Structures are given as C-alpha cells and as structure tokens.
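Worksheet: the structure to be examined is printed underneath.
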Amino acid sequence: TALRQALTQMPLSKISVSALTRAAGVTRQAFYYHFSSLNDLNSWVFREEITARLTTGSGEWLDAIETTMLWMHEHRDETASAMKTIEPNDLWAFFASHIQELIESRLPGTATATARDVVAQHFALASTAHMAQWMLSGLEVNPSLAIARLRVLMTDQTTPALARLAQLSGPPTTQSLIHLSEPTRP
C-alpha cells in the first residue's frame with residue numbers, strides 16, 4: 001500500500017493525505033470516503049497486519065504471538081498511533097478474540113467444544129494481558145522478555161488444561177472448577 005511505502009521513509013506524523021493519495025493514484029474524496037484520517041487508515045492497516053500474523057502459519061500459537069510482537073516493536077510508530085486511535089477496550093478485545101481463534105485452531109480436536117473454548121479463552125486473555133503490559137510500557141523495550149515469560153508460563157499447558165477439564169462431569173461450573181483446583185487428599 002502507499003501508506004506502507006511512505007512509512008518506510010518517514011514517520012506517520014510526517015505523512016500527508018495529499019502525498020499519500022497522489023502516491024496511491026486516488027483522489028482525496030476517495031480517501032475520505034473510506035477513512036476519516038491518516039490515523040484511521042493506519043488503524044485499519046495495523047489491524048490487517050496483526051490479523052495476518054495471528055492467522056497464518058502452522059507452528060505453535062506462541063510463535064505467532066512472538067512474530068506479532070516483534071512486528072509491533074519494529075513498527076512502534078504505527079503501533080503507538082493505532083493504540084491512540086483505537087479505543088482501548090476495542091484494541092484488547094481485538095487481540096483477545098484473534099488470539100483465542102489462533103489457540104483454538106491449535107488445540108486437539110478430541111476435546112469438547114466447551115473445553116476448547118474455555119481453555120482457548122483463558123490462554124488468550126492471559127496472553128493479551130502480557131501483550132498489553134508490554135504495549136503500555138511504551139513499546140521501546142524489546143519484547144523478548146515478555147515473550148520469554150509467555151513461553152515459560154504457557155508452553156505445553158493447553159493440553160493438560162483440556163485434560164483437567166475433561167475430568168469434570170458435564171459443563172464446567174464454578175463449583176466443579178474449584179473442586180479441580182483443590183489439592184487431592186490421600
């Protein structure tokens with residue numbers, strides 16, 4: 001896109017709608033028909049970039065999150081602008097829903113749909129919280145520490161979580177989940 005090309009040469013704050021529309025070969029009217037501002041366009045491009053990183057590839061789900069965070073670190077200006085433009089609740093919901101879909105796509109198909117949903121949602125929310133903490137710290141710090149923490153806490157944990165949920169009879173309830181978390185007595 002014209003925005004992607006322009007961002008390789010200057011920060012978003014230095015790009016004008018006129019220069020961008022000229023480079024893209026579209027009118028300002030066409031631009032403003034689709035986007036309210038450059039920040040709006042950037043937010044759309046940001047969501048597309050993040051979605052592409054979280055939905056492609058066949059490796060471990062943590063690999064896709066790492067790829068996403070590294071892209072965000074390399075594109076701090078765009079990411080920071082998107083964070084200012086997208087409402088915080090919408091941004092975190094966007095990440096959580098895409099990460100949940102990513103995790104669900106990697107879970108064994110033998111588990112029930114409810115168990116898959118519970119486990120994927122749990123790990124998606126935890127991952128989103130780690131990403132949010134890193135993003136809110138200003139994006140300046142290399143995400144390697146956050147990624148390392150995610151890997152220590154979450155690698156190979158989804159399948160055991162599914163197995164524990166399978167021990168429940170019927171759909172998980174608060175009481176049954178509390179019972180699972182109690183230590184077993186001899």
Side-chain angles (χ1 to χ4, degrees), residues 1-107 113 116-144 146-147 150:
T1 68
L3 179 61
R4 283 247 128 265
Q5 180 61 33
L7 287 168
T8 63
Q9 300 168 1
M10 64 186 77
L12 184 65
S13 60
K14 303 288 183 191
I15 299 171
S16 70
V17 171
S18 296
L20 193 63
T21 56
R22 223 178 0 265
V26 298
T27 65
R28 286 174 58 89
Q29 281 180 308
F31 175 87
Y32 285 112
Y33 178 79
H34 295 285
F35 304 102
S36 62
S37 65
L38 277 175
N39 284 333
D40 187 31
L41 170 61
N42 181 65
S43 294
W44 181 81
V45 170
F46 175 81
R47 288 175 193 250
E48 292 293 309
E49 292 286 350
I50 299 303
T51 299
R53 280 160 182 75
L54 291 175
T55 58
T56 57
S58 58
E60 292 292 319
W61 62 271
L62 284 167
D63 295 340
I65 292 175
E66 179 175 11
T67 300
T68 300
M69 291 176 74
L70 290 170
W71 181 88
M72 291 165 59
H73 183 65
E74 291 168 11
H75 299 89
R76 287 185 291 278
D77 186 46
E78 296 157 72
T79 300
S81 175
M83 288 173 62
K84 290 175 188 166
T85 305
I86 303 169
E87 288 291 323
N89 287 343
D90 292 342
L91 182 62
W92 307 134
F94 167 79
F95 275 108
S97 68
H98 279 71
I99 293 170
Q100 183 172 346
E101 288 176 22
L102 168 69
I103 293 170
E104 272 195 69
S105 74
R106 303 303 199 279
L107 292 176
R116 292 167 54 88
D117 187 57
V118 168
V119 168
Q121 185 180 51
H122 167 75
F123 285 94
L125 292 172
S127 299
T128 300
H130 281 274
M131 290 177 74
Q133 181 183 29
W134 169 72
M135 290 170 70
L136 293 171
S137 74
L139 302 166
E140 292 301 320
V141 177
N142 188 302
S144 299
I147 293 164
L150 281 169

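Keep in mind it's a predicted model, so treat the numbers as computed, not measured.
- Interatomic distance, CG of L62 versus CG of L150, reported as 6.0 Å (0.5 Å rounding).
- Using a 4.5 Å cut-off on side-chain heavy atoms (C-beta onward), M131 and T68 make contact.
- The side-chain heavy atoms of F95 and L91, taken from C-beta on, include a pair separated by under 4.5 Å.
- Side-chain polar atoms of T55 and H98 form no donor-acceptor pair below 3.5 angstrom.
- By the 4.5 Å heavy-atom criterion applied to side chains, T85 and N42 are not counted as neighbours.
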> Where do F123 and V119 land on the side-chain contact (heavy atoms from CB on, under 4.5 Å) test, with the steps shown first?
Replying inline: CA-CA 6 Å; F123 285 94; V119 168; 3.7 Å; yes

Quick one: side chains of residues 69-77, donor-acceptor pairs under 3.5 Å with protein atoms, not counting sequence neighbours, listed by atom name and distance.
{"residue": "W71", "atom": "NE1", "partner": "H75", "partner atom": "ND1", "Å": "3.1"}
{"residue": "H73", "atom": "ND1", "partner": "R76", "partner atom": "NH1", "Å": "3.3"}
{"residue": "H73", "atom": "ND1", "partner": "L139", "partner atom": "O", "Å": "3.1"}
{"residue": "H73", "atom": "NE2", "partner": "R76", "partner atom": "NH1", "Å": "3.1"}
{"residue": "H75", "atom": "ND1", "partner": "W71", "partner atom": "O", "Å": "2.8"}
{"residue": "R76", "atom": "NH1", "partner": "H73", "partner atom": "O", "Å": "2.7"}
{"residue": "D77", "atom": "OD2", "partner": "L12", "partner atom": "N", "Å": "2.7"}

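- Between the CD1 atom in I65 and the CD1 atom in I103 there is a gap of 5.5 Å [rounded to 0.5 Å].
- With a 6.0 Å radius and a threshold of 12 heavy atoms from other residues, nucleotides or ligands, Q29 has its CD atom at or below the threshold.
- The line from CZ of F31 to OG of S37 is 6.5 Å long, rounded to the nearest 0.5 Å.
- A124 approaches A96 most closely through the heavy-atom pair CB-O, 3.6 Å.
- Few gaps surround CD on E48; more than 12 heavy atoms of other groups in view lie less than 6.0 Å from it.
- What you find for I99 and S127 is that their closest heavy atoms are CG2-CB, 4.2 Å.
- Contact check for R22 versus S18: side-chain heavy atoms found under the 4.5 Å cut-off.
- When all heavy atoms of W61 and L102 are compared, the pair lying nearest together is O-CD2, 3.5 Å.
- Nearest approach of E104 to A120, heavy atoms of both residues: CG-CB, 3.1 Å.
- Taking the side chain as every heavy atom from C-beta outward, F94 and I50 approach each other to under 4.5 Å.
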>> Before you tell me yes or no, could you show the steps for Q100 and D117 under side-chain contact (heavy atoms from CB on, under 4.5 Å), namely the whole-Å CA-CA distance, both residues' side-chain angles and the distance that decides it to 0.1 Å?
In response: CA-CA 8 Å; Q100 183 172 346; D117 187 57; 2.9 Å; yes

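- Between the CG atom in L41 and the OH atom in Y32 there is a gap of 10.5 Å [rounded to 0.5 Å].
- Atoms CZ and CG, on R53 and D63 in that order, are 14.5 Å from each other to the nearest 0.5 Å.
- For the pair M83 and L136, the minimum side-chain heavy-atom distance is below 4.5 Å.
- Here CG of N39 is found 9.5 Å from OG of S13. Values are rounded to the nearest 0.5 Å.
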